[in-house]
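Order of appearance sets the numbers: ligands from 1, and atoms from 1 within every ligand. We're numbering straight along the sequence, starting at 1.
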Amino acid sequence: MPSRPGTRSGLKAAAPKAAPPAAGSARGSVAAADADAAVAGGDGADSNIRVVLRVRPPIKRELAKGDGTCVQVLGSQAVRVAPQLSSAAAAPAAGGTEPHMFSFDHVAGESADQECIFQEAGSLIVDNCLAGYNGCIFAYGQTGSGKTFTMMGTEEGGGAGGRADASRGLIQRVFEDLFGRLAKGRGAKYVLECSFLEIYNETINDLIEPSRSNLQVRESAEGPFVPGLSIHAVQRVEDVVALLRTGQANRRVAETNTNERSSRSHSVFTCWLQSKTVDASGSPTTRRARLHLVDLAGSERQKASGAQGERLKEATAINSSLSVLGNVIMRLADRQQGRARHIPYRDSRLTYLLQDSLGGNSKTCLVANVSPAPVNLGETLSTLRFADQAKRIRSQAVLNEDTDDRDALRREIKRLKGELSAARQQAGQGHPQFIVRRFCCCFLPVRQRTQQVHPSSSAAGPGSTPA
Ligand SMILES: Nc1ncnc2c1ncn2[C@@H]1O[C@H](COP(=O)(O)OP(=O)(O)OP(=O)(O)O)[C@@H](O)[C@H]1O
């Protein structure tokens with residue numbers, strides 16, 4: 001089983017409701033992790049958060065207004081933002097203020113398709129995951145900037161389903177790549193399990209089994225986890241798509257002035273992978289990785305979104321948790337420059353749950369989404385500043401790998417056999433009690449030794465602490 005706190009705490013892996021695994025077993029024994037590919041993948045333990053910027057095309061409403069654009073993509077890594085830039089003209093319009101320049105690992109313009117975003121944001125994370133590193137991809141940006149489009153694709157319910165559909169999202173593509181790579185393996189085994197939750201008004205709810213609501217975050221040696229969350233074994237991409245559909249259907253979505261289908265909660269799709277490979281000499285290696293795929297709710301200005309009542313309450317919770325996220329990122333970036341900083345992870349459920357992915361044991365990629373419309377200039381600049389700070393954060397991912405060193409085991413067996421044969425020889429010369437004592441002294445704690453080998457001994461009285 002993958003090393004995940006839910007398993008260790010005794011939580012049983014729930015059977016996937018939407019897509020039962022192939023008959024008999026929850027384990028993926030049909031395919032194998034390709035050890036060579038897994039080892040070759042990954043980019044080492046230390047790396048900065050990778051930042052990919054995606055500028056979505058103008059939507060109908062924005063085109064109808066005819067305001068042009070405020071974002072200009074300059075090559076594959078730079079972007080310029082100014083109050084009014086037409087996509088044809090490079091210079092800011094007359095009276096425009098100084099443009100703001102930003103650079104990122106990759107900048108995807110309006111024409112970039114979903115596959116391009118997968119190649120830039122997902123592919124390396126899959127490499128790292130197979131190599132045994134935890135990973136996280138999170139989509140950030142103002143409401144209506146394209147986060148859900150990026151992560152889930154267009155079809156309602158998550159992922160477009162058909163593999164030929166070009167609009168399927170990043171999460172589906174990550175699993176297509178992952179399963180494809182696992183299937184190329186030779187003889188090794190893997191186990192893949194997933195969960196899907198939302199953080200709505202600071203409450204954690206299970207998106208696959210909605211009766212599991214108001215869940216808590218706990219910490220374990222392997223990072224934060226959510227006890228009580230249902231966990232589902234998956235064996236093929238279709239299982240993942242079914243989970244995404246079920247979860248998206250249960251996620252809170254509502255119409256606002258700025259987005260017809262605005263996500264009112266943060267969603268976190270998590271998968272745990274454990275793969276076991278055997279090298280040419282017969283030595284097995286087990287690798288584990290946890291991958292968070294996060295579609296954040298978008299920041300919104302009350303005036304623009306027209307939120308009232310329940311919508312306003314949601315917007316306030318969204319904005320406040322995003323503000324904690326911004327604060328965490330700012331402080332982590334400060335810390336990178338040598339300034340001592342307390343990181344307020346516990347100020348929101350989102351940052352508490354994702355603390356490992358933000359400043360710790362994870363390979364993380366941020367997909368920052370922006371709208372090109374001049375009316376969104378303020379929000380676009382704020383997203384770009386957030387992304388600019390995120391790219392300065394360096395995480396130290398830990399390789400989750402166990403290698404059984406057969407040679408070492410053989411040497412140990414040989415040594416123990418030698419000791420046993422020496423003890424036998426001595427036994428021929430001494431009293432049998434001596435052998436029993438010698439054996440017990442090796443394997444029992446002092447107190448038990450005293451009581452079992454010398455039941456009448458008073459050297460260790462009741463209540464005394466073993467040495
Ligand atoms: N790259 C893109 N190409 C075409 N259409 C896009 C693209 N990105 C977003 N859209 C469209 O823009 C609209 C808003 O996108 P989406 O719902 O993904 O935004 P969001 O950031 O998730 O918003 P919210 O935070 O309110 O949930 C949708 O109609 C979506 O189809």
So for Ala112 against ligand 1, with non-hydrogen atoms under 4.0 Å, the contacting part is neither
Check Glu110 against ligand 1 and report side chain, backbone, both or neither, counting heavy atoms closer than 4.0 Å. neither
Do [X] and [Y] pair up side chain to side chain, a donor and an acceptor below 3.5 Å, judged on atom types alone?
X      : Y      : result
Thr285 : Thr277 : no
Arg392 : Gln336 : no
Asn134 : Ser362 : no
Thr380 : Thr383 : no

So is Gln142 in contact with ligand 1, going by heavy-atom distances below 4.0 Å? yes
Assess Ser145 for proximity to ligand 1: is some non-hydrogen atom of it under 4.0 Å away? yes
Protein contact to [atom] [nearest heavy atom, distance to 0.1 Å]:
atom                    : answer
atom 17 (O) of ligand 1 : Asn259 ND2, 3.1 Å
atom 19 (O) of ligand 1 : Gly146 N, 3.1 Å
atom 30 (C) of ligand 1 : Phe149 CD1, 4.1 Å
atom 14 (C) of ligand 1 : Gly144 O, 3.7 Å
atom 26 (O) of ligand 1 : Thr143 OG1, 2.6 Å
atom 11 (C) of ligand 1 : Ile59 CG2, 4.0 Å

Between atom CZ of Arg80 and atom SG of Cys70, what is the distance when rounded to the nearest 0.5 Å? 12.5 Å
Salt bridge check, [Y] against [X]: does any charged N sit closer than 4.0 Å to a carboxylate O?
X      : Y      : answer
Arg56  : Glu110 : no
Arg50  : Glu120 : yes
Arg252 : Glu198 : yes
Lys147 : Asp295 : no

So Phe175 and Phe179, would you call those rings parallel, tilted or perpendicular, with 30° and 60° as cut-offs? tilted
Just which atoms of ligand 1 are under 4.0 Å from any heavy atom in [X]?
X      : result
Ser263 : 24 (P), 26 (O), 27 (O)
Lys147 : 18 (O), 19 (O), 20 (P), 21 (O), 22 (O), 23 (O), 24 (P), 25 (O)
Ser262 : 24 (P), 26 (O), 27 (O)
Arg54  : 1 (N)

So, regarding Asp295 and ligand 1 (criterion: nitrogen or oxygen to nitrogen or oxygen, under 3.5 Å), is there a contact or not? no
Going by distance only, is there an N or O of Gly298 that falls short of 3.5 Å from an N or O of ligand 1? yes
Is the shortest distance from atom 28 (C) of ligand 1 to a protein heavy atom below 4.0 Å? no
Aromatic ring proximity, centroids under 6.0 angstrom, Phe269 and Phe196: yes
